[in-house]
Amino acid sequence: MKFSLSGLFPFKKTEIPSALPETASPLSEALLNDDPDKFKTDLQMLSEPEAGGRIQQQAYKEMRNAAEQSVKRLHVLREGRCPQCGESLQQHLFVSVCDSCGWNAYSMPRFGGVKVYVRGRAEPVEGARCYIVKDGAVLVVRNDAVVARVQKTAVERIEYDWAEGELVERRKQILERLNLNCGWCGKETSPEKDGFHMLHIAFGSTQERYCFCSDECYEAFRAMYPSRVHRNCYERSCENCNLCVKRYVDENEGYRSLAKDFISVKKNKT
């Protein structure tokens with residue numbers, strides 16, 4: 001019995017262009033014009049009949065592996081853990097830092113720009129954004145072009161210019177994206193409404209977050225689910241307690257978010 005391999009590998013044959021198309025974008029033209037001879041050599045190497053399909057399979061495999069790693073990291077982050085070492089992660093609205101290994105992820109301003117201070121130079125190198133590349137050098141970008149490449153040994157410090165208006169706007173956008181349901185009645189609520197309560201409590205080994213739309217719902221929840229005596233989450237501040245795995249910081253520091261807050265679970269239709 002013969003089996004068709006087309007069902008196992010559902011990839012379409014990739015067309016290898018013989019030259020740069022007439023409708024190429026300005027960006028692709030700029031990249032290819034940097035080294036046109038190399039582009040021609042690459043086209044010749046890929047002119048074999050089976051090259052296109054093989055390259056597409058490899059590209060799909062790399063994209064799938066990247067997606068799997070991204071999902072794994074998301075699951076670690078939703079538990080309040082560092083994706084690099086697994087220790088507890090200090091998470092804030094615009095930055096997450098691991099005290100153990102130093103892993104960090106942070107947001108950068110969209111409009112304020114960045115200043116890179118170089119040793120031996122009075123004025124900083126200013127740009128719209130900067131990137132720290134693999135060798136540690138800093139690329140400063142302005143008007144979509146790299147205006148400076150600063151070696152890591154010459155960097156004194158990097159400053160990000162956050163405008164207060166942008167911070168307020170981005171906090172508002174995050175709150176609008178969150179679906180906050182009351183932990184007692186299930187109705188949608190908002191931190192801006194009167195009677196809103198937020199509670200961090202651990203019935204098991206992991207800290208959870210509950211929001212309430214009114215004082216009545218908050219008190220009803222507390223009466224139905226008393227906290228364990230040795231924790232007393234209702235009265236004790238999370239900042240001075242290490243009796244559970246923290247996923248959120250203390251509520252007095254403001255409203256915080258985690259990756260899990262943006263995850264919507266799709267229910268299967270029966």
Quiz item: Would you say the side chain of F221 lies within less than 4.5 Å of the side chain of H197, judging by non-hydrogen atoms?
Solution: no
Quiz item: With a 4.5 Å heavy-atom cut-off, do S190 and F196 have their side chains touching?
Solution: no
Quiz item: Going by an N to O cut-off under 4.0 Å, is there a salt bridge joining R129 and D144?
Solution: no
Self-check item: Interatomic spacing from CG in N232 to CG in L243 - rounded to 0.5 Å
Solution: 10.5 Å
Quiz item: Taking the side chain as C-beta and beyond, is there a heavy-atom pair between V114 and E159 under 4.5 Å?
Solution: no
Practice problem: Look at the rings of Y210 and F212 and say which category their plane angle falls in: under 30° parallel, 30 to 60° tilted, over 60° perpendicular. | Solution: parallel
Exercise. Measure the shortest side-chain to side-chain distance between S107 and R170 over non-hydrogen atoms and say whether it is less than 4.5 angstrom.
Key: yes
Quiz prompt | Salt-bridge present (R222, E235; N to O < 4.0 Å) | solution = yes
Quiz item: Taking all atoms of both residues into account, what is the closest heavy-atom pair of W103 and C82, and its distance?
Solution: CB-SG, 3.6 Å
Quiz prompt | Test: R64 and E62 ion pair at under 4.0 Å | solution = no
Exercise. Give the intermediate values and the outcome of side chain to side chain contact (heavy atoms under 4.5 Å, CB included) for residues I158 and Y117.
Key: CA-CA 6 Å; I158 300 175; Y117 288 85; over 6 Å; no
Quiz item: Hey, do the aromatic rings of F94 and Y106 have their centres closer than 6.0 Å?
Solution: no
Practice problem: Working to the nearest 0.5 Å, report the span between CD of E208 and CZ of F203. | Solution: 9.5 Å
Quiz prompt | Enclosure of Y225 OH (heavy-atom neighbours >12, cutoff 6.0 Å) | solution = no
Practice problem: Examine distances only and state if a side-chain atom of E166 and a backbone atom of R110 form a donor-acceptor pair shorter than 3.5 Å. | Solution: yes
Quiz item: For R81, does the CZ atom have more than 12 heavy-atom neighbours from other residues, nucleotides or ligands under 6.0 Å away?
Solution: yes
Self-check item: Atom pair CD/CG of Q151 and D135 - distance to nearest 0.5 Å
Solution: 6.0 Å
Exercise. Answer yes or no: is there a side-chain heavy-atom contact under 4.5 Å between C85 and C98?
Key: yes
Quiz item: Would D99 and Q90 satisfy side chain to side chain contact (heavy atoms under 4.5 Å, CB included), going step by step from the backbone distance to the final call?
Solution: CA-CA 7 Å; D99 290 333; Q90 297 294 332; 3.5 Å; yes
Exercise. Examine distances only and state if a side-chain atom of N104 and a backbone atom of G102 form a donor-acceptor pair shorter than 3.5 Å.
Key: yes
Exercise. Side-chain contact test, heavy atoms from C-beta onward, threshold under 4.5 Å: evaluate it for C185 versus C217 and give yes or no.
Key: yes
Quiz item: When rounded to the nearest 0.5 angstrom, what is the spacing between OG in S214 and CD in E219?
Solution: 10.0 Å
Quiz item: Any chain of hydrophobic side-chain contacts (each under 4.5 Å) joining M108 to V138?
Solution: yes
Quiz item: Which pair of non-hydrogen atoms, one from N181 and one from E188, has the smallest distance, and what is that distance?
Solution: OD1-CA, 3.7 Å
Quiz item: What is the distance from atom CG of D194 to atom SG of C213, rounded to the nearest 0.5 Å?
Solution: 12.0 Å
Self-check item: Expected output: side-chain R157 to main-chain V116 donor-acceptor under 3.5 Å
Solution: no
Quiz item: To the nearest 0.5 Å, how far apart are CG in L77 and OG in S70?
Solution: 9.5 Å
Quiz item: Is any NZ, NE, NH1 or NH2 atom of the basic residue among K72 and E68 found under 4.0 Å from an Asp or Glu carboxylate oxygen of the other?
Solution: no
